Amino acid sequence: MSAFLIKNGTVFDSVTATFRQSDVAVKDRYIVSPDALLPEDKVTVIDAQGKYVVPGLIDEHLHLDLHGSMIGVNGDLLCITQGITSACDGGTCGASNFRQFYQSNITRYEATTYAYLNVQTFGNKSLCLHEEDHDPADFRPDLIEELFESYPTTLRGLKVRMCQGTLGDELGMRPLLKAKEISSHLKSRGFHCPVVVHYDNLPANVTVDDLFSSLDAGDIIAHVYQVKRETIYDAEGKVKGAVRRARERGVYMDDCHGRVHWSIPSLKRAVDEDFMPDIISSDAVRISEFTFPGFSLLYALTLQYAVGMPLEQIFKAVSATPAKALGLEPAKLTLNEGNVADLAIFDLQESPRKLADNYGNTLPCKALFVPLLTLKRGRVAFRQIFF
């Protein structure tokens with residue numbers, strides 16, 4: 001098996017959100033003490049001086065159904081090359097098509113792949129002329145439960161889309177309340193099943209207060225910095241009380257970047273309000289992969305760094321916190337001895353370029369997050385030719 005000694009790097013501990021200067025050794029798929037490497041191991045030495053050695057990133061929300069839904073990205077291209085070793089599909093598929101997605105994509109992707117199940121039976125239809133409706137009468141709790149029984153380690157929650165396109169003017173809060181009911185039942189059976197809420201342009205009969213007040217510890221709000229209709233900010237630019245109280249209850253705030261679900265002023269306001277994201281995810285879809293202003297998870301990290309989010313918080317938002325949200329054990333995903341060797345090495349490179357959003361706003365780039373190497377289970381899955 002392969003053995004590596006990564007020397008001189010700035011190593012990130014995702015649980016404590018701290019950096020240390022140390023070497024990292026890998027042997028037979030696991031992190032080991034450098035003293036455990038023997039001459040006969042034929043060790044590959046990697047000099048990471050001035051670079052960041054971090055646990056493999058977690059992209060907690062992107063769309064990975066490559067062919068079935070017509071919106072999914074190729075996870076092997078967009079994850080491993082970006083230092084991402086674990087990913088979670090953001091509810092692309094529902095009860096009627098999840099098995100196809102599992103068999104054709106999840107089982108073959110190199111990154112460890114999880115999924116949220118769309119509460120709507122036929123899943124996401126965002127590239128159609130109309131979006132899927134979320135009439136609770138069409139939900140199938142029986143089929144949802146059967147899938148959680150069949151894929152208990154892969155399925156990590158229920159996705160519900162709360163926006164004008166899926167709710168119309170009639171459904172109001174009923175889809176979310178029904179999803180919460182199904183989630184509660186599945187939790188009572190021992191499944192990990194938070195509700196993951198797509199928050200976008202709300203119809204007139206659903207308010208931010210309604211939405212955030214209905215969520216419990218462990219639930220996730222995706223697109224928390226979205227800019228359509230009612231946002232999380234009040235008229236004075238302050239974060240609304242219901243939003244802060246949701247975080248205090250343990251609701252995760254997910255940047256869930258995408259292309260249109262954020263703006264530079266909204267991200268800046270979050271820093272000013274000390275309301276930075278718990279989780280940063282890419283929300284990548286086929287039309288945004290490697291295309292600005294979506295590009296990949298690394299563009300979201302670059303933007304958050306540019307608006308003032310500390311580096312320690314950024315790396316925690318793509319490691320320990322999404323691990324907790326997904327019901328994983330963050331301590332097992334660190335670069336501590338005995339853990340599986342999923343890791344990435346990054347350079348932060350200064351750049352004169354301007355960063356841009358979808359609404360014409362720009363800001364100077366503080367540093368680009370440049371992926372240099374990805375190890376998946378101790379194997380080099382990606383490496384830059386110049387590193």
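Note that the structure is predicted; figures quoted are calculated from it, not measured.
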T334 and N336 side chains, donor-acceptor separation under 3.5 Å:
yes

Would a line drawn from the ring center of F295 to the ring center of F290 be shorter than 6.0 Å?
yes

From S104 atom OG to D65 atom CG, the distance as rounded to the nearest 0.5 Å
6.0 Å

Between A325 and I220 the two heavy atoms that sit nearest each other are CB-CD1, 4.0 Å

Inspect the surroundings of NZ in K332 and state if more than 12 heavy atoms from other residues, nucleotides or ligands are less than 6.0 Å away.
no

Quick one: do D278 and K316 satisfy salt bridge (charged side-chain N to carboxylate O under 4.0 Å, His left out)? Show the steps, please.
CA-CA 8 Å; D278 303 305; K316 186 173 183 178; over 6 Å; no

Are the side chain of T166 and the backbone N or O of H134 linked by a donor-acceptor pair below 3.5 Å?
no

Under a 3.5 Å distance rule, please check whether T81 uses its side chain to pair with a backbone N or O of L77 as donor and acceptor.
yes

Side-chain ion pair, E145 and R189, N-O less than 4.0 Å
yes

Kindly determine whether F4 and V45 satisfy side-chain contact (heavy atoms from CB on, under 4.5 Å), including the steps that lead there.
CA-CA 6 Å; F4 301 91; V45 178; over 6 Å; no

Give a yes or no on whether the backbone of L202 and the side-chain of R229 come within a donor-acceptor separation of less than 3.5 Å.
yes

Whether over 12 other heavy atoms sit under 6.0 Å from Q384 CD:
yes

Check for me, please, whether L211 and L158 land in the same ILVMFWY cluster - side-chain distances under 4.5 Å, paths through other members count.
yes

Under a single-linkage definition using a 4.5 Å side-chain heavy-atom cutoff for Ile, Leu, Val, Met, Phe, Trp and Tyr, are V26 and V32 assigned to the same hydrophobic cluster?
no

Consider only side-chain N and O atoms of E60 and Y116, and report whether a donor and an acceptor are under 3.5 Å apart.
yes

For the residue pair H198 and H261, is the inter-centroid distance of their aromatic rings smaller than 6.0 Å?
yes

For the CG atom of L297 and the CG atom of L78, what is their distance to the nearest 0.5 Å?
8.5 Å

What are the two closest heavy atoms between A331 and N339, and how far apart are they?
O-ND2, 2.9 Å

Go through the side-chain N and O atoms of R353 and S351 and say whether any donor and acceptor fall under 3.5 Å apart.
no

Looking only at heavy atoms, the pair that brings F191 and P152 closest together is CE2-CB, 4.0 Å

Exactly one candidate in D254, T231, V206 meets side-chain contact (heavy atoms from CB on, under 4.5 Å) with Y199; the answer is T231

Backbone N/O of D169 and side chain of N205: donor-acceptor pair under 3.5 Å
yes

Exam field: side chain T302 to backbone L298, donor-acceptor pair closer than 3.5 Å
yes

Evaluation steps, side-chain contact (heavy atoms from CB on, under 4.5 Å), between D59 and V318:
CA-CA 7 Å; D59 193 343; V318 287; over 6 Å; no

Atom NZ of K240: over 12 foreign heavy atoms under 6.0 Å
yes

Does R249 pair with D219 as a salt bridge, N-O distance under 4.0 Å?
no

Using a 3.5 Å distance criterion without hydrogens, assess whether the side chain of Q226 forms a donor-acceptor pair with backbone atoms of E230.
yes

Find the distance between CZ (F139) and CD (E181) and round it off to the nearest 0.5 Å.
11.0 Å

Please report, to 0.1 Å, the donor-acceptor pairs under 3.5 Å made by any side chain of residues 359-372, with sequence neighbours excluded.
unit_1	atom_1	unit_2	atom_2	d
Y359	OH	V260	O	2.6
N361	ND2	D357	OD2	2.8

Pair H223 and W262, ring centroids less than 6.0 Å apart:
no

Linking I/L/V/M/F/W/Y whenever any side-chain heavy atoms sit under 4.5 Å apart, do V340 and V54 land together?
no

side-chain contact (heavy atoms from CB on, under 4.5 Å) assessment of D13 paired with L335:
CA-CA 7 Å; D13 185 314; L335 301 183; over 6 Å; no

Please determine if R247 forms a cation-pi arrangement with F275, meaning its NZ or CZ atom is less than 6.0 Å from the six-membered ring centre and no more than 45° off the ring axis.
yes

Please determine whether the number of non-hydrogen atoms from other residues, nucleotides or ligands lying under 6.0 Å from atom OH of Y30 exceeds 12.
no

Between CG of L171 and CG of L177, what distance do you get to the nearest 0.5 Å?
11.5 Å

Taking all non-hydrogen atoms of both residues into account, name the closest pair between I280 and A300 and its distance.
CG2-CB, 3.8 Å

At what distance, to the nearest 0.5 angstrom, does CG of D210 lie from CG of L215?
11.0 Å

Expected output: side-chain S319 to main-chain L57 donor-acceptor under 3.5 Å
no

Has the side chain of T107 got a donor or acceptor atom that lies under 3.5 Å from a matching backbone atom of Q103?
yes

Without swapping roles, check the side chain of T121 against the backbone of A95 for a donor-acceptor pair under 3.5 Å.
no

All pairs passing side-chain hydrogen bond (donor to acceptor under 3.5 Å, both in side chains) where residues 340-350 contributes a residue, at least two apart
K51-D347, D342-K376, D347-Q349

Quick one: closest heavy-atom pair of F101 and A115, and the distance?
CE2-CB, 4.2 Å

Which distance, rounded to the nearest 0.5 Å, do you find between the CD1 of I221 and the CE of M162?
9.0 Å

Is L333 reachable from I31 through a run of hydrophobic residues whose side-chain heavy atoms are each under 4.5 Å from the next?
no

Under a plain distance cut-off of 3.5 Å, with no hydrogens placed, do T92 and H63 share a side-chain donor-acceptor pair?
yes

Does CG belonging to D142 count more than 12 external heavy atoms closer than 6.0 Å?
yes

Check against side-chain contact (heavy atoms from CB on, under 4.5 Å), I232 and V243
CA-CA 7 Å; I232 63 170; V243 178; 4.0 Å; yes

Looking at V195 and A179, what are the two nearest heavy atoms and their distance?
CG2-O, 3.9 Å

Without hydrogens or angle criteria, can the side chains of N8 and D47 be said to hold a donor-acceptor pair below 3.5 Å?
yes

Can you say whether the rings of F315 and F12 are parallel (under 30°), tilted (30 to 60°) or perpendicular (over 60°)?
tilted

salt_bridge(D283, R259) N-O dist < 4.0 Å:
no

Do the side chains of Y114 and I84 join up, straight or via other hydrophobic residues, at under 4.5 Å, putting them in one cluster?
no

Using a 3.5 Å distance criterion without hydrogens, assess whether the side chain of R156 forms a donor-acceptor pair with backbone atoms of L326.
yes

Taking the cut-offs as 6.0 angstrom to the six-membered ring centre and 45 degrees off its axis, would you call R244 and Y233 a cation-pi pair?
no

Step through the shown structure and confirm whether more than 12 heavy atoms of other residues, nucleotides or ligands are within 6.0 Å of CD on Q21.
yes

Charged N-O contact under 4.0 Å between E146 and R140
no

So Y102 and Y151, would you call those rings parallel, tilted or perpendicular, with 30° and 60° as cut-offs?
tilted

